[in-house]
Amino acid sequence: RHSLSDTCRFNEGNTKADDFDLGLAALPALAEKLVADQRDKVAEFAEMHKREAIIYTMASGPNFGQAYSFAICLLQEMQWVHSAAIHAGEYFHGPFEITDFDVPFVQLMGLGPSRAMDERALAFAQKYSKRVTVLDANELGVSMLPIRGDLPRVRHVSLRARDQSRDGPFYHGDFRG
């Protein structure tokens with residue numbers, strides 16, 4: 001069992017804690033399968049984008065943190081590629097203006113309530129750019145996990161519980177194990 005699910009059980013009585021444990025247990029096998037199944041697509045992406053000056057990432061909901069991390073840590077810090085994470089809900093408030101036939105995007109598609117926002121932004125990006133790479137959680141097998149879209153909420157609940165326990169928001173003893 002994971003300490004995060006124990007925190008949910010203890011502090012909140014969260015009934016999704018068992019699903020969280022099942023989802024975590026299923027992740028290694030899913031990741032191995034994805035690596036094997038997507039190897040050629042990953043190599044193709046790398047070859048097509050190896051000299052890019054900029055690559056935008058776009059997502060919403062629980063995937064936005066991953067889009068931000070991909071843009072900042074992987075592309076900028078590790079690959080020295082200019083990048084920015086665009087929230088799909090903010091795309092039409094300015095960022096859509098940079099969309100052009102040769103501008104590359106990586107679009108993360110989620111499964112939860114924010115998927116409609118992702119779909120709307122994706123439809124526009126694909127209409128005007130010929131360089132959109134889509135990473136769809138549904139196609140990548142995330143829909144098979146028992147916890148899926150509830151994970152950020154479970155995490156939020158457990159972090160809130162942590163902030164209310166022991167010595168307040170700076171107590172991290174149970175989370176660094």
Fill in the blank from the handout: Taking every heavy atom of Ser60 against every heavy atom of His87, the minimum-distance pair comes out as CB-CE1, 3.5 Å

Handout entry: Over 12 foreign heavy atoms within 6.0 Å of CZ, Phe45
Key = yes

Handout entry: Step-by-step side chain to side chain contact (heavy atoms under 4.5 Å, CB included) determination, Arg131 to Val103
Key = CA-CA 6 Å; Arg131 315 254 345 264; Val103 176; over 6 Å; no

Practice task
State, with a plain yes or no, whether a side-chain heavy atom of Asp102 is found less than 4.5 Å away from one of Lys130.
Solution key: no

Fill in the blank from the handout: CG (Leu135) and OG1 (Thr133) are apart, to the nearest 0.5 Å, by 7.0 Å

Practice task
Just do the side-chain hydrogen bond (donor to acceptor under 3.5 Å, both in side chains) check on Thr99 and Tyr56 with the steps written out, would you?
Solution key: CA-CA 10 Å; Thr99 306; Tyr56 292 104; over 6 Å; no

Handout entry: Distance-only side-chain donor-acceptor flag, Glu52 / His49, under 3.5 Å
Key = no

Would you tabulate the side-chain donor-acceptor contacts of residues 28-42 under 3.5 Å, counting partners in other chains and residues two or more places apart, or write 'none'?
| from | atom 1 | to | atom 2 | distance (Å) |
| --- | --- | --- | --- | --- |
| Lys33 | NZ | Asp37 | OD2 | 2.5 |

Handout entry: Heavy-atom check, side chain of Phe105 versus side chain of Thr57, under 4.5 Å
Key = no

Completion exercise
Distance col, row Cys73:SG vs Tyr68:OH, nearest 0.5 angstrom, shows 7.5 Å

Exercise for the section: Please name all residues satisfying side-chain contact (heavy atoms from CB on, under 4.5 Å) with Glu119, sequence neighbours left out, ordered by chain then number. Expected result: Met109, Arg115

Exercise for the section: Would you please indicate if the ring centroids of Phe101 and Tyr128 are separated by under 6.0 Å? Expected result: no

Exercise for the section: Mind listing the closest non-hydrogen atom pair of Ala85 and Ala71 along with its distance? Expected result: N-CB, 3.8 Å

Practice task
Would you give the length of the straight line joining atom CG of Leu74 to atom OG of Ser83, rounded to the nearest 0.5 angstrom?
Solution key: 9.0 Å

Exercise for the section: Determine the minimum heavy-atom distance between Ala137 and Leu111, stating which atoms define it. Expected result: CB-CG, 3.8 Å

Exercise for the section: Dump the intermediate steps for side chain to side chain contact (heavy atoms under 4.5 Å, CB included) on Ile72 and Glu77, then the final yes or no. Expected result: CA-CA 6 Å; Ile72 300 300; Glu77 181 181 348; 5.8 Å; no

Exercise for the section: Specify the closest pair of heavy atoms between Leu108 and Ala67, including all atoms of both residues, with the distance to one decimal. Expected result: CD1-N, 3.6 Å

Fill in the blank from the handout: Correct closest heavy-atom pair for Glu90 and Pro95 would be O-CD, 3.2 Å

Exercise for the section: Flag yes if Leu75 and Ile54 sit in one hydrophobic cluster, no otherwise; membership is Ile, Leu, Val, Met, Phe, Trp, Tyr, and two members link when side-chain heavy atoms are under 4.5 Å apart. Expected result: no

Exercise for the section: Rounded to the nearest 0.5 Å, what's the gap from CG on Asn63 to OG on Ser69? Could you check? Expected result: 12.0 Å

Practice task
Answer yes if Ile86 and Val132 sit in the same cluster of Ile, Leu, Val, Met, Phe, Trp and Tyr residues linked by side chain heavy atoms under 4.5 Å apart, and no otherwise.
Solution key: yes

Exercise for the section: Taking the side chain as every heavy atom from C-beta outward, state whether Val106 and Ile55 have any atom pair closer than 4.5 Å. Expected result: yes

Problem - Euclidean distance, Phe92 CZ relative to Glu97 CD, rounded to 0.5 Å - result: 11.0 Å

Exercise for the section: Specify whether Tyr91 and Phe96 have parallel, tilted or perpendicular ring planes, treating 30° as the upper limit for parallel and 60° as the lower limit for perpendicular. Expected result: perpendicular

Problem - Exam field: side chain Asn138 to backbone Gly110, donor-acceptor pair closer than 3.5 Å - result: no

Handout entry: Leu122 CG to Gln126 CD distance, which is reported to the nearest 0.5 Å
Key = 4.0 Å

